[in-house]
Undergrad: 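This is the structure, below, for whatever I ask next.
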Amino acid sequence: MRSYRQLFRTREFTPFFLSYAAFNAALTIGGLSLATLVYRTTDSPLLAALSMFGPQLAQVLGATFLLSGADRLPPRATLAGTGLAFAALTAVLALPGLPVRAVFAVVLLQGLIASLGGGVTGGLLNEILPKDGFVLGRSVFNMASGLMQVLGFAMGGALLALLSPRTCLLLAATLYAVEALGYRLGLSARPPRASGRLSVAATWRNNAFLWSSRPRRLTYLGLWVPNGLVVGCDSLYVSYAPHTAGALFASGALGMFVGDVVVGRFVPPALRPRLATPLLLLLATPYLVFVSRPGVVLAALAVCLSNVGFAASLVQLERLMSLTPDDMAGHALGLRSSGMLTMQGVAAALAGTVAQLTSPATGMTVMAAASIAVTLALAGLQRPSRMARGWPKHHRA
C-alpha cells in the first residue's frame, strides 16, 4: 500500500483517523492551557513543564500493571471509554480553586489511562491495515498528530489571548467527548486479539518476553530515550517564551508533519532501515542553538528543523513490528508508547530542574546534548551488517 487514496479507502480507517485527530487536538489545547494556568499560578518552569508532560510519568505504572489489556480488551469500547474518561478529568482540571496537588493527581490519573489507550490504538491500526500499509498508516497518524498540534497550539495560543485557561480546558474536554463518540460510531465491535483477562501477571510475562530479545531492547531504547530527551526541550517552551510559546509548539508540529510525509510516503522501504540514526541526530542537533538564547524567529526555525527527526519513529516501529509476533502487537506498541511517554515525563522533570537552577535555554541545550550522546551510543551497539540487509522476521527470541 503506497498511496493515501488506498489508505483512506480502507474500511474504518477514516473514522479511526478523525477520532485520533480530535484526541490530539484536545491534548494540545488542554496541555498548553494547563501549563499556562500552572505557570501563571506558581511562576515555576518545573511545575509548568510537569503539568504539561506529567501524564507521561504515570505511563510506567500502566506499562507495569495494565498493558496486557491492550490485546485482551475489546478495542472499540476501550477507546471510547478512554475518551470519556479524559473528557471528565479535563473538566475537573478546569474547576476554579483546584489546588496544585490535586491538579497533578488528575494529571497522573490521565497518564495511567493513556498507557492503556496507546496500546489499543496501535494494535487496532495494525489490525485494520494490511501489513504493507502499516508504515504509511502510522505516518498518517503521526501527521494527524503534527497537524493537530500545529492547529491546536496556534488555536490554543489565540484562545488563551482571548479566554481564560480554564475555559480553554473545557473546550479540550468537549473535543475528548467528540473523540469518544467518533470511536463508538465509526468502528466495528471487535473481539480482543488475545484470550484471557487483563492481569498484572500477564503484563509482566509479556513485558519480560518482549524485553528478552536484544534487538527488541535496542529498538525500544532508541524509541524511548533520544526522543524523550528532546521532548524535555519542548517542555521548556512556556518558560522560555511565555508569550510566544504557541509559535514554538506550532513550528515543531509543522516540522514533524513534514518528516512524516517524506519518510512515510516517499522514502523507499529498502532505504528506511538506514535512516534511524541520522533522523535521531537531526532531532537533537538544532536545539544546540539555544545556547545563544535566540529570538523567537530563529528558535522557531530550529524547532521546526529538529522535529523533522521525529520521523525516526516510523523506521523504528517498522523494525519493532518485524521483531514481534502478531498476537502481541498491541502490547508491544503499548510498551513502546508507555516507555516513550514515561521517558518524556522524566525528561520534562529533568529539563525543568535544570531550567530552575540555570535557565530554560541552558536546560534545552543540556537535554539536546544528552540526546545526541545516547543516539551515538545506541548506534554503536547495533549490528551494521544486519541493519544493512533490512528488517529480520520476528522471532520469539
Undergrad: Side chain of Ser239, backbone of Leu236: donor and acceptor closer than 3.5 Å?
TA: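 Answer holds: yes.
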Undergrad: Closest heavy-atom contact between Thr324 and Ala332?
TA: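 Result for this residue pair: CG2-CB, 3.6 Å.
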Undergrad: Take Val225 and Thr375, measure what side chain to side chain contact (heavy atoms under 4.5 Å, CB included) needs, and give me the verdict at the end.
TA: CA-CA 8 Å; Val225 185; Thr375 295; over 6 Å; no
Undergrad: What closest approach, in Å, do Ala347 and Gly228 show between heavy atoms, and which atom pair accounts for it?
TA: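 Heavy atoms of Ala347 and Gly228 come nearest at CB-O, 3.0 Å.
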Undergrad: CZ of Arg184: more than 12 outside heavy atoms within 6.0 angstrom?
TA: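 No - once you tally the heavy atoms of other residues, nucleotides and ligands closer than 6.0 Å, there are 12 at most.
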Undergrad: Taking C-beta and beyond as the side chain, do Phe257 and Asn307 meet within less than 4.5 Å on heavy atoms?
TA: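 No - every pair of side-chain heavy atoms lies 4.5 Å or more apart.
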Undergrad: Side chains of Leu378 and Thr277, heavy atoms from C-beta outward: is any pair under 4.5 Å?
TA: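 Answer no - side chains too far apart.
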Undergrad: Hydrophobic cluster membership, with links at side-chain heavy-atom distances under 4.5 Å among I/L/V/M/F/W/Y: are Leu162 and Leu171 in one?
TA: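 Both belong to a single hydrophobic cluster.
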Undergrad: Testing the basics here: between Leu37 and Pro165, what is the closest heavy-atom pair and its distance to 0.1 Å?
TA: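 Reported closest heavy-atom pair: CB-CB, 3.8 Å.
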Undergrad: Under 4.5 Å between any side-chain heavy atoms of Tyr240 and Pro294, yes or no?
TA: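 With C-beta onward as the side chain, the pair touches.
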Undergrad: Under the side-chain contact (heavy atoms from CB on, under 4.5 Å) test, which residues partner Ala173, sequence neighbours left out?
TA: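 Here the qualifying residues are Thr90, Ala91.
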Undergrad: Does any donor atom in the side chain of Arg293 or Ser359 lie under 3.5 Å from an acceptor atom in the other side chain?
TA: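 Side chains of Arg293 and Ser359: pair found under 3.5 Å.
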Undergrad: At their closest point, which heavy atom of Arg214 faces which heavy atom of Leu381, and how far apart are they?
TA: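 What the structure gives for the nearest pair is NH2-O, 3.1 Å.
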Undergrad: Taking it one step at a time, do Met343 and Val231 satisfy side chain to side chain contact (heavy atoms under 4.5 Å, CB included)?
TA: CA-CA 9 Å; Met343 185 59 210; Val231 172; over 6 Å; no
Undergrad: Are Tyr287 and Phe290 an aromatic pair, judged by ring center distance below 6.0 Å?
TA: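 Yes - the distance between ring centres of Phe290 and Tyr287 falls below the 6.0 Å cut-off.
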Undergrad: Kindly compute the distance separating OG (Ser371) from CG (Asn227), expressed to the nearest 0.5 Å.
TA: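 Here the rounded value is 8.0 Å.
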Undergrad: Count I, L, V, M, F, W, Y as connected when their side-chain heavy atoms are under 4.5 Å apart, and connections chain through other members. Are Leu7 and Phe266 then in the same cluster?
TA: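 Shared cluster, yes.
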Undergrad: Looking at residues at least two apart in the chain, or sitting in another chain, which of them share a side-chain contact (heavy atoms from CB on, under 4.5 Å) with Val291?
TA: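 For Val291 the side-chain contact (heavy atoms from CB on, under 4.5 Å) partners, ignoring immediate neighbours, are Thr365.
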Undergrad: To the nearest 0.5 Å, what is the distance between CZ on Phe209 and NE2 on His331?
TA: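 That separation rounds to 10.5 Å.
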Undergrad: So, Thr167 versus Ser164: side-chain donor-acceptor pair below 3.5 Å or not?
TA: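 Yes, a side-chain donor-acceptor pair sits under 3.5 Å.
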Undergrad: Quick one: does Leu73's side chain get under 4.5 Å of Val120's, heavy atoms only?
TA: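 A side-chain contact under 4.5 Å is absent here.
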Undergrad: Quick one, Arg11 with Ser188, criterion side chain to side chain contact (heavy atoms under 4.5 Å, CB included). Give me CA distance, side-chain angles, the key distance, then yes/no.
TA: CA-CA 10 Å; Arg11 184 174 175 271; Ser188 300; 3.0 Å; yes
Undergrad: What residues, two or more places apart in sequence or in another chain, satisfy side chain to side chain donor-acceptor pair (under 3.5 Å) together with Ser292?
TA: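 By the side chain to side chain donor-acceptor pair (under 3.5 Å) rule, Ser292 matches no residue at all.
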Undergrad: May I ask whether Val366 and Leu229 are part of the same hydrophobic cluster, defined by side-chain heavy atoms of I, L, V, M, F, W, Y residues being less than 4.5 angstrom apart, directly or through others?
TA: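 No: no chain of side-chain contacts under 4.5 Å links Val366 to Leu229.
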Undergrad: Just verifying a value: how many Å separate Ile128 CD1 and Thr10 OG1, rounded to the nearest 0.5 Å?
TA: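 Separation between the atoms: 9.0 Å.
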Undergrad: Should Tyr220 and Leu210 count as side-chain neighbours, where that means a heavy-atom distance under 4.5 Å?
TA: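 Yes, side chains in contact.
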Undergrad: Excluding sequence neighbours, so at least two apart, what forms side chain to side chain donor-acceptor pair (under 3.5 Å) with Thr14?
TA: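 For Thr14, no residue satisfies side chain to side chain donor-acceptor pair (under 3.5 Å) once neighbours in sequence are set aside.
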Undergrad: Check for a donor-acceptor pair, side chain of Gln316 on one end and backbone N or O of Gly222 on the other, with a separation under 3.5 Å.
TA: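 Side chain of Gln316 to backbone of Gly222, a donor-acceptor pair under 3.5 Å: yes, one is there.
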Undergrad: Just by modelled atom types, is the Leu170 backbone N or O under 3.5 Å from a matching donor or acceptor in the Thr174 side chain?
TA: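 Such a contact is found between Thr174 side chain and Leu170 backbone.
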Undergrad: Atom CZ of Arg76 and atom CG of Leu185: how far apart are they, to the nearest 0.5 Å?
TA: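 One gets 8.5 Å once the value is rounded to the nearest 0.5 Å.
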Undergrad: Going from CZ on Phe249 to CG on Leu32, what distance comes out if it is rounded to the nearest 0.5 angstrom?
TA: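 So the gap between those two atoms works out to 6.5 Å.
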Undergrad: May I ask you to decide if Trp211's main-chain N or O and Arg216's side chain share a donor-acceptor pair within less than 3.5 Å?
TA: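 Looks like no, no N/O pair under 3.5 Å.
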Undergrad: Got Leu124 and Leu187 here, is their nearest side-chain heavy-atom distance under 4.5 Å?
TA: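 When only atoms from C-beta onward are counted, Leu187 and Leu124 do touch, with a gap below 4.5 Å.
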Undergrad: Please tell me if the side chains of Ser251 and Leu301 come closer than 4.5 Å, counting only heavy atoms from C-beta onward.
TA: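 No, every pair of side-chain atoms sits at 4.5 Å or beyond.
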Undergrad: Mark yes or no for whether Thr244, through its side chain, and Ala247, through its backbone, hold a donor-acceptor pair below 3.5 Å.
TA: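 Flag not set: sc Thr244 to bb Ala247 has no pair under 3.5 Å.
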Undergrad: Looking only at heavy atoms, which two atoms of Arg336 and Ser313 are closest? And how far apart?
TA: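 In terms of heavy atoms, the two residues are closest at NH2-CB, 4.0 Å.
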Undergrad: Would you say Met364 ends up clustered with Val354 if hydrophobic residues are merged whenever their side chains have heavy atoms under 4.5 Å apart, either directly or through other cluster members?
TA: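 No, because Val354 and Met364 fall into different hydrophobic clusters, even though each may have its own neighbours under 4.5 Å.
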Undergrad: Quick test of your reading: applying salt bridge (charged side-chain N to carboxylate O under 4.0 Å, His left out), list the pairs with at least one residue in residues 117-128, sequence neighbours left out, ordered by first then second residue.
TA: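 Of all non-adjacent pairs touching residues 117-128, those that pass salt bridge (charged side-chain N to carboxylate O under 4.0 Å, His left out) are Glu127-Arg190, Glu127-Arg193.
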Undergrad: For Leu323 and Pro325, which heavy atoms make the closest approach, and how far apart are they?
TA: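 Looks like O-CD, 4.2 Å.
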Undergrad: With hydrophobic residues grouped by side-chain heavy-atom distances under 4.5 Å, do Leu89 and Leu84 end up in a single group?
TA: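 Not linked; separate clusters.
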Undergrad: Does the side chain of Tyr39 reach to within under 4.5 Å of the side chain of Ser44, using non-hydrogen atoms?
TA: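 The answer is no; the side chains never approach within 4.5 Å.
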Undergrad: Which residues pass the side chain to side chain donor-acceptor pair (under 3.5 Å) test with Ser306, sequence neighbours left out?
TA: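 Counting only residues at least two positions away or on another chain, Ser306 forms no side chain to side chain donor-acceptor pair (under 3.5 Å).
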Undergrad: Mind checking who shares a hydrophobic cluster with Ile372, ILVMFWY linked at side-chain heavy-atom distances under 4.5 Å?
TA: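 Noted: Ile372 shares its cluster with Leu281, Leu288, Leu376.
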Undergrad: With distance as the sole test, does Thr28 use its side chain to make a donor-acceptor pair with the main-chain N or O of Asn24 at under 3.5 Å?
TA: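 Yes; judged by distance alone, with no hydrogens or angles, the pair exists.
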Undergrad: The criterion is side chain to side chain donor-acceptor pair (under 3.5 Å); which residues satisfy it with Thr358, sequence neighbours excluded?
TA: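 Per chain and number, Thr358 pairs via side chain to side chain donor-acceptor pair (under 3.5 Å) with no residue.
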Undergrad: Report the residues that fulfil side-chain contact (heavy atoms from CB on, under 4.5 Å) with Arg5, sequence neighbours left out, ordered by chain and then residue number.
TA: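 With sequence neighbours excluded, Arg5 shows a side-chain contact (heavy atoms from CB on, under 4.5 Å) to Ser3, Arg9, given in chain and number order.
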Undergrad: Determine whether the side chains of Arg166 and Ser33 contain a donor N or O and an acceptor N or O closer than 3.5 Å.
TA: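 No donor-acceptor contact under 3.5 Å links the two side chains.
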Undergrad: How long is the gap from CZ on Phe141 to CG on Asp260, to the nearest 0.5 Å?
TA: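 Separation between the atoms: 12.5 Å.
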Undergrad: Applying side chain to side chain contact (heavy atoms under 4.5 Å, CB included), run through Phe23 and Thr82 and close with a yes or a no.
TA: CA-CA 10 Å; Phe23 168 79; Thr82 298; 5.8 Å; no
Undergrad: Got a donor-acceptor contact below 3.5 angstrom from the Ser322 side chain to the Arg319 backbone?
TA: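 Yes.
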Undergrad: Counting the benzene-type ring for Trp, do Tyr20 and Phe13 have ring centres under 6.0 Å apart?
TA: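 No; Phe13 has its ring centre 6.0 Å or more from that of Tyr20.
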Undergrad: Among pairs that include at least one residue of residues 95-109, which meet side-chain hydrogen bond (donor to acceptor under 3.5 Å, both in side chains), considering only residues two or more places apart or in two chains?
TA: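 Passing the test, one end in residues 95-109: no pairs.
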Undergrad: Between side-chain atoms of residues 175-183 and protein atoms elsewhere (two or more places apart, or another chain), which donor-acceptor pairs fall under 3.5 Å?
TA:
{"residue": "Tyr176", "atom": "OH", "partner": "Leu27", "partner atom": "N", "Å": "3.4"}

Undergrad: Taking only residues two or more places apart in sequence, or in another chain, which ones meet Leu305 in a side-chain contact (heavy atoms from CB on, under 4.5 Å)?
TA: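 With sequence neighbours excluded, Leu305 shows a side-chain contact (heavy atoms from CB on, under 4.5 Å) to Leu282, Pro286, given in chain and number order.
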